[in-house]
Amino acid sequence: MGDFGTIVTAMITPFKADGSVNYDVAAKLAAHLVNNGTDTLVVCGTTGESPTLSWDEEYQLFVEVLQAVAGKAKVIAGCGSNSTTEAIAATEKAARIGVHGSLQVVPYYNKPPQAGLYQHFQAIAKACPDLPMLLYNIPGRTGQNLSPETVVRLAEIDNIVGIKEASGNLDQSSEIRRLTPKEFQIYAGDDSLTLPMLAIGAKGVVSVASHLVGNQLQQMIQAFNVGKIQIATEIHLQLFPLFKALFLTTNPILVKQALKLQGWEVGSMRLPLCEGDAESCQKLEAVLKELSLI
């Protein structure tokens, strides 16, 4: 259940000049990504500015992207919430239109204890038993870490198939890998840690950089998987400045800037996110030129 490949792109949400969602560009971008290294798209995750999207906008984005990549790639719906009831309702609705999985972030702000986190994810999984679920641990944004012990318990639930592990803690990732069944999929949540996490048993990455270098990331992972470690390392080191440049300020500000420099009409961010500062944008542009991406 739920094989999402190696490169899962956390897709941005394009906006029009008036701030409304640009569904046409979203569909075109989705198709472009799938033609350039992406196996699966996460729609309405953090990179998709989910905190400022309405549930109706998110639902419509699921519909549009599913149509745009039908038969070519899978779509994971970002349905997480810090309210278990809301997360269940959003997941049930997404499941009805045929998404291939859901991404469920650790509840943010309310800082549940581990027992509460277990019950939260268990309740969502039980409500949609036929829909594969990826857990999403990103304590830097949520204020709470999902412990390896809780992940191990959750991995016993049939439709909880993996985790996007974005704690940045390789020891924690090692512990999860050591204690979970081999079919439980671990995805790096940071592009710069993809290669190190492959070495400790991760399957791939939920990526931001794949908006720009999806094919190269595929080459890196394929090289690693056939034992060509030196080639994988060379690709990682070549792309490393890009991984860092995209996060000089809050994501997705700079990946949207990069796409605009490539000619994509993705629009601005919704407040409280705003345009990147001049220095960060200049550093990003220099890296993009160096890698011949613009």
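Because the structure is a prediction, the values reported are computed rather than measured.
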By side-chain hydrogen bond (donor to acceptor under 3.5 Å, both in side chains), which residues pair with Asp171, not counting sequence neighbours? none

Joining Ile, Leu, Val, Met, Phe, Trp and Tyr whenever any side-chain heavy atoms lie under 4.5 Å apart, the cluster holding Tyr109 also takes in none

Pairs in or reaching into residues 196-211: which pass salt bridge (Lys or Arg N to Asp or Glu O under 4.0 Å), with residues at least two apart or in two chains? Asp3-Lys203

Could you report the tightest heavy-atom contact between Leu61 and Ala26, atom names first, then the distance? CD2-CB, 3.8 Å

Checking Gln222 now: which residues fulfil side-chain hydrogen bond (donor to acceptor under 3.5 Å, both in side chains) with it, not counting sequence neighbours? Gln218

Is the distance between the ring centroids of Trp264 and His32 under 6.0 Å? yes

Under 3.5 Å donor-acceptor, Asp39 side chain and Val8 backbone: no

Go through the structure and list residues passing side-chain hydrogen bond (donor to acceptor under 3.5 Å, both in side chains) with Glu279, not counting sequence neighbours. Lys283

Measure from the side-chain N and O atoms of Arg270 to the backbone N and O of Cys274, and report whether any donor-acceptor pair falls under 3.5 Å. no

Mind checking whether Glu64 and Gln67 have side chains closer than 4.5 Å, heavy atoms only? yes

If hydrophobic clusters are built from ILVMFWY residues whose side chains come within less than 4.5 Å, do Leu103 and Val69 share one? no

According to side-chain hydrogen bond (donor to acceptor under 3.5 Å, both in side chains), who are the partners of Tyr136, at least two apart in sequence or on a separate chain? Thr46, Lys164

Minimum-distance pair of heavy atoms, taken over all atoms of Ala30 and Val65: CB-CG1, 3.9 Å

Any donor-acceptor pair under 3.5 Å linking the side chain of Thr6 with the backbone of Gly204? no

Do Val206 and Leu198 belong to the same hydrophobic cluster, where Ile, Leu, Val, Met, Phe, Trp and Tyr are linked whenever their side-chain heavy atoms lie under 4.5 Å apart, directly or via other members? no

So CG of Leu259 and CG of Leu212: to nearest 0.5 Å the spacing works out to 5.5 Å

Side chain to side chain donor-acceptor pair (under 3.5 Å) between Glu57 and Thr13, worked out: CA-CA 10 Å; Glu57 287 171 331; Thr13 298; over 6 Å; no

Show your working on side chain to side chain contact (heavy atoms under 4.5 Å, CB included) between Gln257 and Glu285 and close with a plain yes or no. CA-CA 9 Å; Gln257 176 68 12; Glu285 193 167 345; 5.6 Å; no

Could you list the donor-acceptor pairs under 3.5 angstrom formed between side-chain atoms of residues 140-162 and any protein atom two or more places apart in sequence or on another chain?
unit_1 : atom_1 : unit_2 : atom_2 : d
Arg141 : NH2    : Asn251 : O      : 3.1
Thr142 : OG1    : Ile138 : O      : 3.3
Thr142 : OG1    : Gln144 : N      : 3.3
Thr142 : OG1    : Gln144 : O      : 3.0
Gln144 : NE2    : Pro112 : O      : 2.6
Asn145 : OD1    : Asn137 : ND2    : 2.9
Asn145 : OD1    : Gln172 : NE2    : 3.0
Asn145 : ND2    : Gln172 : OE1    : 2.9
Ser147 : OG     : Gln114 : OE1    : 3.1
Ser147 : OG     : Glu149 : OE1    : 3.4
Ser147 : OG     : Thr150 : N      : 3.2
Ser147 : OG     : Thr150 : OG1    : 2.9
Thr150 : OG1    : Gln114 : OE1    : 2.7
Asn159 : ND2    : Ala125 : O      : 3.1
Asn159 : ND2    : Cys128 : O      : 2.9
Asn159 : ND2    : Leu131 : O      : 3.2

Residues which pass side chain to side chain contact (heavy atoms under 4.5 Å, CB included) with Ala31, listed by chain and number, not counting sequence neighbours: none

Do other residues, nucleotides or ligands put more than 12 heavy atoms under 6.0 Å from the NZ atom of Lys260? yes

Does Glu290, at its CD atom, have more than 12 non-hydrogen atoms belonging to other residues, nucleotides or ligands within less than 6.0 Å? no

Between Thr9 and Leu41, is there a donor-acceptor pair closer than 3.5 Å when you use the side chain of the first and the backbone of the second? no

List the atom of Pro132, the atom of Phe4, and the distance in Å for their closest heavy-atom pair. CB-CZ, 4.0 Å

Counterpart residues, side chain to side chain contact (heavy atoms under 4.5 Å, CB included), relative to Tyr59 (two or more places apart): Val63, Lys93, Ile97

Path from Met11 to Val208 over hydrophobic side-chain contacts below 4.5 Å: yes

Please enumerate all residues that pass side chain to side chain contact (heavy atoms under 4.5 Å, CB included) together with Lys256, with sequence neighbours excluded. Ile12, Phe15, Glu49, Val266, Met269

Please check this pair: side chain of Asp18 against backbone of Ser20, looking for a donor-acceptor N/O pair closer than 3.5 Å. yes

Donor-acceptor pairs under 3.5 angstrom involving side-chain atoms of residues 239-248: please list them, not counting sequence neighbours.
none

Treating Ile, Leu, Val, Met, Phe, Trp and Tyr as nodes and any side-chain heavy-atom pair under 4.5 angstrom as an edge, say whether Phe121 and Leu179 lie in one connected cluster. no

Connected via hydrophobic side-chain network under 4.5 Å: Ile163 and Ile221: no

Residues two or more places apart in sequence or in another chain: which of them pass side chain to side chain contact (heavy atoms under 4.5 Å, CB included) with Ala94? Phe62, Ala77, Cys79, Val99

Glu265 atom CD: more than 12 heavy-atom contacts under 6.0 Å: no

